[in-house]
Number of protein chains: 2
Amino acid sequence: MTKRVTIADIAERAGLSKGAVSYALNGQPGVSEATRQRVLRMALEMGWHPNSAAKALSGARSGAFGLVMARSPATLGIEPFFMKLISGMESAMAQSQTALLLQVVSDHDREIATYRRWWAERRVDGVFLLDLRCEDRRVPVLEELKLPAMVVGGPGHHGSLPGVWIDDVGAMVVVIEYLAALRHRRIARVAGVPGMLHTELRTQAFNEVTQRIGIEATTVSTDYTPDEGAQATRRLLSAATPPTAIVYDNDVMAVAGVSVAHEMGVDVPGELSIMAWDDSVLCEIVHPALSAVRRDITAYGTHLAEHLLALLDGQQVSDFENAPPRLVVRGSTARPTVGP
Amino acid sequence: MTKRVTIADIAERAGLSKGAVSYALNGQPGVSEATRQRVLRMALEMGWHPNSAAKALSGARSGAFGLVMARSPATLGIEPFFMKLISGMESAMAQSQTALLLQVVSDHDREIATYRRWWAERRVDGVFLLDLRCEDRRVPVLEELKLPAMVVGGPGHHGSLPGVWIDDVGAMVVVIEYLAALRHRRIARVAGVPGMLHTELRTQAFNEVTQRIGIEATTVSTDYTPDEGAQATRRLLSAATPPTAIVYDNDVMAVAGVSVAHEMGVDVPGELSIMAWDDSVLCEIVHPALSAVRRDITAYGTHLAEHLLALLDGQQVSDFENAPPRLVVRGSTARPTVGP
DNA sequence: CTGAAAGCGCTTACAG
DNA sequence: CTGAAAGCGCTTACAG
């Protein structure tokens, strides 16, 4: 096991040319079925795996997809979202022997530089674009490079690149209608980073549905960190007529919100209902456990990878909407006990 | 920008052979300084980047390190540890144009299969081995493959592979002595997965120091999930003489512990002090904020990558101990108000 | 100091 | 159905 086996070794042992072995191994026409079986058996026996560099160099694919995460060190790793997404991607990629190249950068400039370098180096066959913005400089770059890409987000604002998303608008409607049915009349929203498409879609839906139902609505923007989530909560609860329900744009800010409520002596859910957006194990471990909008992130990742693989196979890939989110009700939401 | 630039293009433009261009680009002797500068300028102008496959195939490195995470979907992504570690690794790898290949698998069998495949495919130049166990089947496999590897953990039990670790034993001594100084006399430990080296090292240190000081000690094993952390806490607090302090092996279990205390009406820190092991933003967002053992995980990752790069450069790489952890005291630890 | 050539391990037209 | 050969884009001894 100290030397790597090549197709030349197999060819020699089988008494064939390297070309014939290659055809056999790749299921190409040009060899008899008997020969193919013999070669496949030998390759397995000898522990052959294709040299990824040689395969890539001879025109085939590099066998890797790229994922760049542009985030500040502070927000890195606190949301379970990304590991789940990655895990879902890989379960689809494993079957086609595709690896995942991960790069963490500080901003979009470096992210774009990474795409250009990967393209020039032929490092990856395609990429996943995270955190789509309404005006996203990265989209035209990927279009220009003709680097196959799947956008994590939508609908809209992803140019000619195919997008995969989850229906945020519908979920927001469900959330607000539920809270309204519980007789909440003042609802606030602690939103994520402005300019991100899903933030804007949710804000727009929030505004529309609250206006339609006749609910007093407030939105506060944050950078997704628990620190800003806590500050936003303090500000909202310090108002003359504070909201009786707050909807947070992620799980960690909602957890921070519960802590602020404790700190200020505000009863959850008696005086304040709290709703988290991505459901996660975090929502279950705080007290009270948090009601949340649950999305199947692993399936999201799987769909993204499947579509990117299809794109490379030359198939027509269109946009795709995942299964809609579900509302998971736990102890943090209830009919308010304090009158308006 | 639609066609990739190769050294042949540069050679033609410069009126040189491909070999000369290669020497110039790689800082090898064999070209005059003037020629080298001219070639470097041209390469930059023309947007040249080496084709990673060609480079790898011609005997050089693949330019990638591999990281396999063997975890159940349930525990995936809840600890900020890994993203921080990865981020630290990449900051060192970026300078040497090395990419990170990430693979998520379900168990060690698949992890080992991944190492064998990566080796045969020449996919990676080296790997990082996570979650070292006392009896670790993966170590002899990497030794057999002669795949350069850095072990995340130690000291000990990593065979001939170099390890990088943080002093868990010393940290445990500091933690217990601190709690003892606060007059805690019954301390429990909610430990991670048995068989993991750092779990065993901490347990051993916990037993030794509590015995030396004369403290009543209990250890409960878990799988690191908040669910088991919560259950362990309930069991400990239901005892006839419950502990007045609990040390948890990660942050999410400590947060779960706080929730259980709330749920059972146990005052933190009055009746129960809670200490988390890895400090993270989670510890800051709960109420009360958690005292914790803080380790510089990003630096940990950076050291790991630096050492693996050095190993590939043929340097003598020995084991390395990171800067010791620090005790960060917040609101969850105090002198117990209830007598023993 | 420079050029021509072989080789890395594959794939793929092109002849037989 | 099969073999011999060129080529992918680099690196690196080997001659000049």
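Predicted, not measured: the structure shown is a model, and the values here were computed from it. Labels below follow one simple rule: chain letters A, B, ... track the order of the sequence lines, proteins then strands, and each chain is numbered from 1.
The CG-C1' distance, from Asp9(B) to dC10(D), rounds to 13 Å in whole Å. Across the protein-nucleic acid pair, Asn51(B) atom CG and dT11(D) atom C1' stand 13 Å apart, rounded to whole Å. Taking atom NZ of Lys18(A) as the reference point, atom C1' of dG7(D) lies 11 Å away to the nearest angstrom. Atom CG of Leu16(A) and atom C1' of dG9(C) are 17 Å apart (whole Å). Rounded to an integer number of Å, the gap from CZ of Arg122(A) to P of dG9(D) is 6 Å. Straight-line distance from the CH2 atom of Trp48(A) to the P atom of dG9(C): 13 Å, rounded to whole Å. Summarising the geometry, the separation between CD on Gln28(B) and P on dT11(D) is reported as 9 Å, rounded to the nearest angstrom.
With a cut-off of 3.5 Å on both Watson-Crick or G-U wobble distances, the partner of dC1(C) is given as dG16(D).
Contacts of Ser22(B) with the nucleic acid, taken as non-hydrogen atoms under 4.0 Å apart, include base atoms.
Taking the side chain of Ser58(B) as heavy atoms from C-beta on, and the options dC10(C), dC10(D), dG9(C), the nearest nucleotide is dC10(D). For Ile7(A), counting side-chain heavy atoms from C-beta on, the closest listed nucleotide (dT11(C), dT2(C), dG9(C)) is dT11(C). Residue Tyr23(B) places its side chain closer to dA13(D) than to any other of dA13(D), dC10(D), dT11(C). In the set dT12(D), dT11(D), dT2(D), the nucleotide with an atom closest to the side chain of Lys55(B) is dT11(D).
Looking only at atom types and distance, the side chain of His157(B) has no donor-acceptor partner in the side chain of Asp136(B) under 3.5 Å away.
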Asp296(B)/Lys84(B) under salt bridge (Lys or Arg N to Asp or Glu O under 4.0 Å): CA gap, chis, key distance, verdict: CA-CA 9 Å; Asp296(B) 188 342; Lys84(B) 286 194 186 165; over 6 Å; no
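Contact detail for Ser58(A) and Lys55(A): the closest heavy-atom pair is OG-O, 3.2 Å. Among all heavy-atom pairs drawn from Asp125(B) and Gly63(B), the shortest one is OD2-N, 2.7 Å.
Projected onto DNA chain C by closest heavy-atom contact, Ser17(B) and Leu57(B) fall at different nucleotides, the more 5' of which corresponds to Ser17(B).
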